[in-house]
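Notes follow once the structure below has been shown.
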Amino acid sequence: MTATHDAQEPTRRDMLFLATGAAAAVGAGFLAWPFVAQMNPDASELALSSTELDLSQIAEGQVVTIKWRGKPVFVWNRAKDQIEKAKEVKLEELIDPLARNENLEPDAPATDANRAAKDKENWLVVVGVCTHLGCVPIANSGDFGGWLCPCHGSHYDGAGRIRRGPAPQNLDVPPYAFESDTKIKIG
Amino acid sequence: MIVRVERKNMTSRTIAGAGRAVALIIAVGLSALSLDATRASAAEQEHPPRQSWSFSGPFGKFDPAQLQRGFKVYREVCSNCHALSMVAFRNLAEPGGLGLTEEQAKAIAGEYKIEDGPNDSGDMFERPGRLSDYFPSPFPNEQAARAANGGAHPPDMSTLAKARTYERGFPTFLFDIVTQFQEQGQDYIHALVGGYEEAPEGVKPPKNGLHYNKYFPGHWIGMAPPIQEGQVDYTDGTPATVDQYGKDVASFLTWAAEPHLVARKKTGLVVMFFLVIFAGLLYFTKKRVWAGLKEKHA
Amino acid sequence: MEGHSVYQPKSGVAKWFEDRLPIVGLVHASAVAYPVPRNLNYFWTFGGILTVMLVAQILTGVVLAMHYVPDSTLAFASVEKIMRDVNYGWLLRYMHANGASMFFIAVYIHMFRGLYYGSYQAPREVLWILGVLILLLMMATAFMGYVLPWGQMSFWGATVITNLFSAFPLVGPSIVTWLWGGFSVGDPTLNRFFALHYLLPFMIAGVVGLHIWALHHVGQNNPTGVEVKDIRKDTVPFTPYATLKDSFAMVCFFIFFAWFIFYLPNFLGHADNYTEANPLVTPAHIVPEWYFLPFYAILRAVPSKLGGVLLMFGAIAVLLFLPWLDGSKVRSANYRPIYRIFFFLLVADCIYLGWIGSKPAISPYVGLSQLAAAYYFLHFLVILPIVSRLETPKPLPASIADSVLANGSGPLPGQPGLAPLVGGSTHGQV
């Protein structure tokens with residue numbers, strides 16, 4: 001209220017009001033946090049297991065889709081010519097020059113070697129979620145020998161890199177490791 | 001001149017007096033009944049002896065060593081019949097609990113066989129446990145559990161510590177609000193583990209295969225004495241007695257039922273501290289503002 | 001709501017908006033300038049506390065509903081998941097579960113305050129009746145909410161309470177089947193209870209809106225029961241005076257609330273509810289939540305099924321007629337010494353009923369519950385109508401301001417004790 005005049009000790013009074021108001025604000029802030037935080041992934045979600053895949057059944061040229069953390073992951077056993085074609089692409093031609101590979105440094109360039117599995121260049125493992133608005137791209141289609149997203153026409157090449165269309169980034173490469181020559185563990 | 005608005009006036013004083021009168025009426029009425037009440041509840045259930053627990057009271061914390069011992073008892077003894085289906089291996093490494101490292105929890109998980117699947121050919125298969133897995137249950141369903149245990153169903157232990165109690169009675173339950181006593185379940189579990197004894201002369205079980213337990217409501221329990229002295233090896237020098245097993249397993253089950261107990265009590269301390277300060281600030285602010293009412297017109 | 005808004009928009013934009021939707025003026029009139037009797041004691045802070053508790057229950061409830069699964073095979077586990085895995089889930093659930101109890105503690109204090117100070121008397125009959133409706137809605141909401149965790153007490157509480165309706169002749173069994181959506185409490189029951197438990201709080205909020213509207217229309221009662229005569233002498237503006245007083249009381253109430261949330265979170269619940277519902281096994285001792293115990297005792301006091309049910313609902317229905325059962329010309333029990341004694345006897349009787357309600361249905365509790373239940377109705381139907389009409393009340397103070405001064409040691413004010421004016425305009429044009 002505006003008109004409460006207390007001429008005697010304005011400083012102490014103001015301090016008291018200020019402290020009370022500040023305490024109310026701090027209290028409200030801390031009280032709000034649990035209501036916000038509860039929407040974050042819960043402990044069981046965070047602990048969701050990694051996914052394992054047997055590679056011995058995947059023929060050359062075949063793409064297999066498996067589910068990891070509720071999302072599709074493409075595992076592609078690329079043929080020789082598909083690899084060669086992906087290798088020929090110059091970095092300047094790319095929309096997104098970064099590898100987007102969670103197993104590498106964030107600034108690694110999007111060369112085919114940085115996109116494919118280390119020392120096993122026929123294997124390409126990418127998260128099957130279009131970086132535009134989250135649809136699942138279709139394998140072996142599009143103008144660049146990779147994927148085509150049916151929703152808004154984003155074309156990805158043989159290394160899962162965005163080449164044409166509205167998507168801003170290359171398909172993500174999830175964290176993964178080879179448990180043996182024929183078994184990979186994603187996550 | 002001054003108008004004093006805030007003060008203890010006649011009204012509140014007379015209400016306080018009447019309040020005392022009511023309290024007296026209630027007390028007299030209740031004491032007339034308390035004899036009956038005591039008798040009735042004594043017939044229902046023997047009160048377990050009260051234990052001291054590291055996690056009781058406002059500053060209570062779990063003792064990680066005790067939880068690990070209790071976990072050992074659970075694994076080697078209880079888990080043969082009792083499920084712990086809501087506890088995951090990852091919980092073992094969570095703060096405020098057993099204090100295991102993630103590596104240790106992983107190793108424990110790996111010792112369990114978990115059914116997973118279906119695989120590409122549509123079959124279920126077994127694999128070693130992972131952190132995200134939950135403790136496997138000893139029986140596939142309640143019917144199987146009953147069939148294997150003479151008709152009795154060993155309860156799931158995930159919430160057991162909170163699901164057991166005994167009646168405190170009037171007026172003890174009112175004092176419990178002040179003392180924050182809430183370890184009835186723990187006291188009961190501890191007492192039950194060591195509460196097996198010979199049935200009194202002439203008392204017969206209602207059916208075969210039951211065991212007499214002093215603290216079980218109705219006394220005849222399906223569970224045979226679950227543990228003998230020395231049955232589980234303690235490596236930390238703690239005496240391997242049934243009494244100690246009971247305490248440790250009750251502590252472990254408390255953690256299993258309330259894994260965030262330590263966080264809860266810690267948060268509570270901060271919240272209480274804040275609220276008391278805030279109430280004080282508001283009280284003086286309110287006093288100051290109401291005082292302004294009189295000064296303005298003085 | 002009221003015509004005495006003194007809100008005057010300062011900026012052009014505010015004026016433009018106010019001309020089109022006078023909502024700021026409405027809030028100003030009912031939460032800032034609204035005149036509050038200056039002699040209210042702390043029992044009058046519970047209305048504000050209840051409003052905040054309703055909001056708190058809705059907020060925590062909405063958040064819990066984001067994680068809860070109303071399916072009989074998953075409900076128990078989903079609540080445990082909230083307790084174990086959801087970020088701060090344990091805190092939110094304990095706030096909600098204990099919040100229900102706090103809500104009832106506050107509402108019972110609020111109601112007994114109304115009973116003591118005669119707040120139901122003319123012209124506040126509709127205000128009081130709306131309050132009784134809120135109580136009924138609260139009871140329905142709390143009952144259905146307690147079923148959701150799908151523990152043993154949830155399941156058997158639901159079974160027993162829904163079976164009450166089977167007491168009605170002819171249609172009873174059909175009503176119960178209709179309530180269940182099956183031939184026992186099961187999945188359909190759980191789903192509809194969840195839907196209704198989500199809906200009813202918003203209906204409560206609606207009736208609370210009416211309750212406050214009625215309150216602000218007739219004005220607040222006060223400890224003397226004397227109506228406001230001179231708004232300048234007898235009242236203070238809601239803000240900052242009542243706002244700060246209510247806030248202080250509210251934070252004190254939160255301290256009590258937090259004590260239970262953090263240190264005794266399961267004290268007010270039942271251990272049996274941490275065992276998942278089992279339709280084949282009834283717990284040895286079924287007891288409703290503490291706030292239903294007095295009504296439960298009345299239910300069990302009658303050896304006839306229909307009679308018990310009718311009497312239990314009658315215990316609430318009788319409150320609806322309270323404004324007309326009380327024939328006193330004076331409101332506040334402070335000036336009605338004989339009624340005052342009976343008021344405290346009623347309080348004791350209700351507490352006593354609550355205690356008996358928690359006991360098993362065996363002798364001597366059944367006999368005692370019959371006595372206590374009989375007294376409950378005796379109070380409202382016989383004692384109150386007679387005493388209120390025969391009793392000679394003590395002399396009332398001439399005005400609220402007079403009562404404040406008579407109780408104080410300070411001298412008379414030279415000026416009316418009016419609070420700071422709002423927005424520079426004159427206050428109190430009723």
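FYI, side chains are in, hydrogens and waters are out, and symmetry mates aren't considered; it's all heavy atoms of this structure. Every chain is numbered from 1, with letters handed out A, B, ... down the list of sequences.
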**Q.** For the student: nearest non-hydrogen atoms of A:D42 and C:D85, plus distance
**A.** CB-O, 3.2 Å
Q) chain C heavy atoms under 4.5 Å from A:L31: which part of the residue, side chain, backbone, both or neither? A) side chain
Q) For C:L91 and A:P34, which heavy atoms make the closest approach, and how far apart are they? A) CD2-CG, 3.8 Å
Q: Please report the closest heavy-atom contact between C:T60 and A:F35, naming both atoms and the distance.
A: CG2-CZ, 3.6 Å
**Q.** Gap between atom CZ of A:F17 and atom CG of C:L244 - 0.5 Å precision
**A.** 7.5 Å
Q: Kindly determine whether A:W33 and C:Y88 satisfy side chain to side chain contact (heavy atoms under 4.5 Å, CB included), including the steps that lead there.
A: CA-CA 9 Å; A:W33 178 241; C:Y88 296 100; 3.6 Å; yes
(Q) Does A:K120 have more than 12 heavy atoms from other residues, nucleotides or ligands lying within 6.0 Å of its NZ? (A) yes
**Q.** Contacting moiety of C:I82, where chain A heavy atoms sit under 4.5 Å
**A.** neither
(Q) So for C:S247, is it side chain, backbone, both, or neither that comes closer than 4.5 Å to the heavy atoms of chain A? (A) neither
**Q.** chain A-proximal positions within residues 62-80 of chain C [heavy-atom distance under 4.5 Å]
**A.** C:V63, C:M66, C:H67
